[in-house]
There are 2 protein chains.
Amino acid sequence: MTSGAATGSNAERELVLTRLIDAPREKVFKAWTEPELLMQWFAPLPFTTPSAKVDLRPGGASLIVMRDPEGNEFPNPGVFLEVVPNKRLVSTDAYTEAWVPSEKPFMTLILTFDDVGGKTRYTARARHWTVADRETHEQMGFHEGWGKATDQLEALVAKL
Amino acid sequence: MTSGAATGSNAERELVLTRLIDAPREKVFKAWTEPELLMQWFAPLPFTTPSAKVDLRPGGASLIVMRDPEGNEFPNPGVFLEVVPNKRLVSTDAYTEAWVPSEKPFMTLILTFDDVGGKTRYTARARHWTVADRETHEQMGFHEGWGKATDQLEALVAKL
């Protein structure tokens, strides 16, 4: 693909986290899509998630707010591109609502929830428009932050 | 919206063409979505449209190729975000397929087909991520080019 060649292949523009979670995928999907659950795990501690809005449909907006220990808030607006219940969720920050372009298209998040004998193979792919943005995201601590958030997700679904 | 304030309001980032077309909206929608029809009107003459591929569903890819009189080809890849038959069509060049980020997210195209007593109020909105991109698009000849293409669209649907 010419655009891939120009800006880097998907692999070069992508950050991936994958984990086998000991819970059925319905629960993991639920933890990603119900605000009251998202607020319990989304931001890696000591950050918290004071609010989450989720309009779960293609074109629906989501707004998850993270708060740091000093009380500064970081809103994460986005729009869903694909919603396949219990299986797949795709969203992007390129829009703040359907179809209002955001300040900067930074990434598209592709989440897959695969059933593995009753457990869930959970994979989160953050696909960026440029290699530079992928590098920035990595330097911002993608692996550590998402790893910690996924620990919290795992602990939450174990209790559901 | 903070992102709107930072990068310009929708109005500042948008180019709009609207026209009342003397044909039912089913025909206008068809001319926009069937490759063999698109090839007959899409590129403003003396440009032509040698090929068009349309996978008409949210997440489906489209690839319309324009050719100039010297034979140079200009591919226009995009992905559909919304498909409401005979009413509304939204696509973007931010992806080349679902969900592969393109080289540069330039615009989102929002087409609406409204019934006005058997005629069609046709509106095409090209919404850009930045004011600068809107200006570039305007300087590339958006109004003249789209105006001419819409003349061709109008002439074609009159014969359907």
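Throughout, a chain's letter reflects where its sequence line sits, starting with A, and its residues are numbered from 1.
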Trainee: Side-chain heavy atoms under 4.5 angstrom apart, residues restricted to Ile, Leu, Val, Met, Phe, Trp, Tyr: same cluster for Phe113(B) and Leu38(B)?
Mentor: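 Cluster IDs for Phe113(B) and Leu38(B) match.
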
Trainee: May I ask whether Leu63(B) and Val90(B) are part of the same hydrophobic cluster, defined by side-chain heavy atoms of I, L, V, M, F, W, Y residues being less than 4.5 angstrom apart, directly or through others?
Mentor: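 No.
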
Trainee: Roughly how far, to the nearest 0.5 Å, is CG of Leu81(A) from CH2 of Trp99(B)?
Mentor: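 Rounded to the nearest 0.5 Å, the CH2-CG separation comes to 4.5 Å.
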
Trainee: Between Phe29(B) and Leu160(B), is there shared hydrophobic-cluster membership here, with clusters defined by ILVMFWY side-chain heavy atoms closer than 4.5 Å?
Mentor: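 Per the 4.5 Å side-chain linkage, Phe29(B) and Leu160(B) are co-clustered.
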
Trainee: Can you give me the closest heavy-atom contact between Pro101(B) and Arg127(A), atom names plus distance?
Mentor: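 Minimum heavy-atom separation between Pro101(B) and Arg127(A): CD-CD, 3.4 Å.
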
Trainee: Between Thr92(A), Ile110(A), Thr108(A), who has the most heavy-atom pairs with chain B when the cutoff is under 4.5 Å?
Mentor: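 Option with the greatest count: Thr108(A).
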
Trainee: Between Pro58(B) and Pro58(A), is any pair of side-chain heavy atoms under 4.5 Å apart?
Mentor: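 Pro58(B) vs Pro58(A): side chains apart.
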
Trainee: What do you reckon, is CD of Glu36(B) surrounded by more than 12 foreign heavy atoms closer than 6.0 Å?
Mentor: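 Yes.
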
Trainee: How close do Trp129(A) and Ser102(B) get, heavy atom to heavy atom, and via which atoms?
Mentor: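 Between these two residues, the closest heavy atoms are CD1-O, 3.3 Å.
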
Trainee: In the single-linkage hydrophobic clustering (I, L, V, M, F, W, Y; side-chain heavy atoms under 4.5 Å), do Phe106(B) and Phe42(B) co-cluster?
Mentor: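 No, it is not one cluster - the side chains of Phe106(B) and Phe42(B) are not joined through contacts under 4.5 Å.
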
